[in-house]
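None of these values were measured; they are calculated from a predicted model. Side-chain atoms are counted along with the backbone in the values below, which use heavy atoms only and exclude waters and symmetry mates. Every chain is numbered from 1 and lettered A, B, ... according to where its sequence line falls, protein lines coming before strand lines.
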Amino acid sequence: MENGEMRMHTDGEVDVRGAYCAISVAKLCNLEQFEPKLFEKVSDWILSCQTYEGGFGASPFNEAHGGYSFCALAALKLMGKESLCDIEKLTYWLVNKQMKFEGGFQGRTNKLVDCCYSFWQGGMFPIIHSVLMSDSDYLQENQNWLFDSESLQEYILICCQANFGGIIDKPGKNRDYYHTCYGLSGLSVSQYCMDNTVNICENDDSLVNRTHPLFNIGFEGANRAINYFKDHLIETLD
Amino acid sequence: MSDSESSDDYDSIAIDKNEWSDLNPINQDHETNEICRIAYTENFNDVFGYFRAVLKANEISERAFDLTYKAVKLNPANYTVWFYRRILLKELGKDLNHELKLVTQIIDQNPKNYQVWQHRRNVVELLQDPSKELEFTEKILQQDSKNYHAWQYRQWVNKNFALWDQELDFVSSLITVDYKNNSAWNHRFFCLINTDHSESVLNREVDYCFEKLNLNINNESVWNYLRGLVDLMVKEGWGYPEKVCHFCNLKLESNKEDELSPFLISFKIDYNWTRAIEKKNSDANAVKEFVQQSIQYLNLLAQKYDTIRANYWKYLLSKWKQEFDQYF
């Protein structure tokens, strides 16, 4: 769209998820070889979704929300524009989304914990770390993310496992694939530090494989895909 | 659950195959080794089988239109059906006010569905009639005061049709009911930015924050909103509002355990940072005070008042040390 917005589908809703989906697919499959200016105005539009709270909403002025914030930050990072947002404000908002009693994350200020935010919120920390460490000796030496990894791992593993397998939103809820996916993804982010060392807070059996913090697919697999499409330039149709 | 749901049970959404004898339904592609095959009912498969056929044939007809109704009742998240229904609405010259009534009902039953809200937006945009929209979103917010779609939609109505008059009162009433309703506070900020945000209005808003903080000092929504106000005032060139600094100092000095909200403390630290940077090369004594107080507070937060964020407070400590290391 002209101002950098992206719709989810033809005459569908405009929100930052659309930008993230388009950009992450384009980066994985090297689609910009066809259209280098594909995302020229998108970063400005994404930046306009950052609210006074520091997080990002679905569209400009919408409430700061974990899911949309992840999409915004990951999309910006994929375009190399992550430093253009107010990272300090984002970090302040984000760290305050970890619930001091439950250990998991909430999606918005003054709302309830939900295990899926283990990834949406937790997953932003690797990106933020990579930005802030360029100005900080402390973060270059300190491999842990800026949240309480132990508390998050405990919330996921102790509070959010359903009796017969699968992961749930919070105690009392039913299991589903969505919460299982994002609970495990958040667990993975917690368990792997910046330098790829592990930080297992429960027993060793709880270690999962490393997820790629921008695509949330297996780390090795993501890199293989990127390299494949870089090496195999697709012939144009004409 | 609304009354209309009982009249829309599967029988009334059932398809009459005699009506469709001229078309072959198109089956959904099935992988041979699906990880998780969905157990569709026979009726569901019929409806969508014929829908796919209608779509492929580009059929514009009343029966196609009725079919899209059945399809969205069965799966309101199927955006292709909504897309095609919008084409039919236009091509068949359908009554959009009637469509608005229909989408009202469907949103009521599926208030967290993206497609139905988008459909409403498309219909209202065509009608260019926002007269029912504020009332409608208010009704949905009465059921769930934080429904993201409702707030997002309401913001669109406000901006697109320049309907601002009711908003401040609306948001104030919600905050009165629940002063921790962050969606309401966010909407308040949105209204401010898009209407009058002169110095006197922002000062009034600061007082409003104090009023709410006096009810509960540990309300993150208010502190975030206050930060937003202060940033705005500084950006507009009116300088940092001294009464905010005064308010914080008063609360901090009261020294009552339950008054020492981590949000209050971090707000002061943030203020100190701005001031310290400002005076870095001009007033060493002042800077020293800001540094010492901030270090003390950061340690208190990391060790006592907000330990879950210890990693973050320690990072901020390192920032203070890095920037002001001559004061250590």
Side-chain angles (χ1 to χ4, degrees), chain A residues 7-15 17 51-55 57-65 67-68 86 88-89 91-103 106-112 125 129 132-133 135-139 141-142 144-152 177, chain B residues 36 79-80 82-83 86-87 114-115 117-119 121-122 146 148-149 151-152 155-156 158-159 178-187 189-194 219-221 223-225 227-229 231-232 262-263 266 270 306-319 321-322:
Chain A
R7 287 193 185 274
M8 290 299 288
H9 57 86
T10 310
D11 82 20
E13 66 272 20
V14 166
D15 67 51
R17 293 173 305 154
T51 78
Y52 68 91
E53 287 199 272
S59 306
F61 295 108
N62 294 165
E63 190 182 0
H65 178 293
Y68 297 114
D86 189 336
E88 258 89 27
K89 244 186 140 61
T91 306
Y92 176 75
W93 172 82
L94 182 59
V95 297
N96 277 292
K97 298 288 137 296
Q98 186 167 23
M99 312 294 277
K100 67 181 188 198
F101 177 68
E102 297 95 319
Q106 65 190 172
R108 302 181 250 169
T109 305
N110 278 326
K111 287 206 80 178
L112 300 177
F125 284 91
H129 202 105
L132 294 178
M133 70 189 246
D135 271 337
S136 164
D137 295 335
Y138 175 82
L139 287 182
E141 289 150 19
N142 205 309
N144 294 315
W145 310 126
L146 290 176
F147 69 96
D148 186 331
S149 187
E150 186 173 349
S151 296
L152 180 66
Y177 288 107
Chain B
C36 178
Y79 49 82
T80 309
W82 286 112
F83 169 74
R86 285 193 279 274
I87 292 176
Y114 283 90
Q115 290 70 40
W117 284 99
Q118 180 61 25
H119 192 68
R121 198 186 282 221
N122 290 340
K146 302 179 184 187
Y148 202 91
H149 302 275
W151 283 110
Q152 188 175 17
Q155 283 193 353
W156 173 77
N158 294 144
K159 193 138 195 192
D178 174 9
Y179 55 56
K180 289 193 175 185
N181 184 336
N182 198 66
S183 305
W185 284 99
N186 180 74
H187 195 73
F189 197 85
F190 163 75
C191 295
L192 215 62
I193 293 287
N194 283 292
N219 184 350
E220 189 181 349
S221 293
W223 284 108
N224 287 352
Y225 186 78
R227 278 186 189 237
L229 290 177
D231 287 346
L232 201 54
F263 302 119
S266 68
D270 202 56
D306 203 20
T307 56
I308 193 151
R309 275 165 272 285
N311 285 352
Y312 176 69
W313 303 126
K314 285 178 193 161
Y315 162 67
L316 285 193
L317 262 164
S318 78
K319 267 191 83 185
K321 286 198 172 117
Q322 194 168 314

inquiry  = Using heavy-atom distances under 4.5 Å, tell me whether B:Glu220 contacts chain A through its side chain, its backbone, both, or neither.
reply    = both
remark   = Under 4.5 Å to a heavy atom of chain A? For B:Ile193 that would be side chain
request  = Check the pair B:Tyr312, A:Gln98 against side-chain contact (heavy atoms from CB on, under 4.5 Å), reporting the backbone distance first and the verdict last.
outcome  = CA-CA 12 Å; B:Tyr312 176 69; A:Gln98 186 167 23; over 6 Å; no
remark   = Heavy-atom nearest pair, B:Asn224 first then A:Thr109, reads ND2-OG1, 3.8 Å
remark   = What one should report as the nearest heavy-atom pair of A:Tyr92 and B:Ser266 is OH-OG, 3.0 Å
query = Between A:Lys111 and B:Ser183, is any pair of side-chain heavy atoms under 4.5 Å apart?
reply = no
Closest-packed option against chain A by number of heavy-atom pairs under 4.5 Å, given B:Gln152, B:His119, B:Lys180, B:Arg309 = B:Arg309
task = Calculate, to the nearest 0.5 Å, the distance between atoms NE2 and CG belonging to B:His149 and A:Asp15 respectively.
result = 9.5 Å
message = Would you compute the distance between atom CG of B:Asp270 and atom NZ of A:Lys89 and round it to the nearest 0.5 angstrom?
response = 7.0 Å
ask   = Are the side chains of A:Asn142 and B:Lys314 in touch, meaning some heavy atoms are under 4.5 Å apart?
value = no
inquiry  = Counting only non-hydrogen atoms closer than 4.5 Å, does B:Thr80 touch chain A with its backbone (N, CA, C, O), its side chain (CB onward), both, or neither?
reply    = neither
message = Does any backbone or side-chain atom of A:Phe125 lie under 4.5 Å from a heavy atom of chain B? Answer side chain, backbone, both or neither.
response = neither
request  = Measure distances from B:Gln322 to the heavy atoms of chain A and classify the residue's part below 4.5 Å as side chain, backbone, both or neither.
outcome  = side chain
task = Locate the shortest heavy-atom distance separating B:Tyr148 from A:Asn62; write the atom from each residue and the value.
result = OH-CB, 3.4 Å
remark   = CG of B:Leu229 to OH of A:Tyr52, rounded to nearest 0.5 Å, is 9.0 Å
query = So which of A:Gly103, A:Ser151, A:Ala58 has the biggest tally of heavy-atom pairs under 4.5 Å with chain B?
reply = A:Ala58
ask   = Which atom pair, heavy atoms only, marks the closest approach of B:Asn182 to A:Glu63?
value = ND2-OE2, 2.9 Å
ask   = Below 4.5 Å, heavy atoms only, C-beta onward: do A:Phe61 and B:Asn186 meet side chain to side chain?
value = no
key: Residue part contacting chain A, namely of B:Lys159, when any heavy atom lies under 4.5 Å   = side chain
query = Is the shortest heavy-atom distance from the side chain of A:Trp93 to the side chain of B:Arg227 under 4.5 Å?
reply = no
Chain B interface, residue from A:Asp137, A:Val95, A:Asn144 that has the most non-hydrogen pairs under 4.5 Å = A:Val95
key: Top of A:Tyr177, A:Phe147, A:Tyr138, A:Trp145 for chain B proximity - count of heavy-atom pairs under 4.5 angstrom   = A:Tyr138
note = Most heavy-atom pairs under 4.5 Å with chain B, out of A:Leu132, A:Thr51, A:Asn110, belong to A:Asn110
Contacting region of B:Lys321 [heavy-atom separation from chain A under 4.5 Å] = neither
ask   = How long is the span from the CD atom in A:Glu53 to the CH2 atom in B:Trp185, to the nearest 0.5 Å?
value = 11.5 Å
inquiry  = Using every non-hydrogen atom in the two residues, find where A:Pro60 and B:Gln155 come nearest and quote the distance to one decimal.
reply    = O-OE1, 4.0 Å
key: Selection from B:Trp313, B:Trp156, B:Tyr225, B:Trp151 maximising heavy-atom pairs under 4.5 Å formed with chain A   = B:Tyr225
Which portion of B:Trp223 sits near chain A, non-hydrogen atoms under 4.5 angstrom = neither
request  = Using only heavy-atom distances, determine whether the side chains of A:Thr91 and B:Tyr315 contain a donor-acceptor pair under 3.5 Å.
outcome  = no
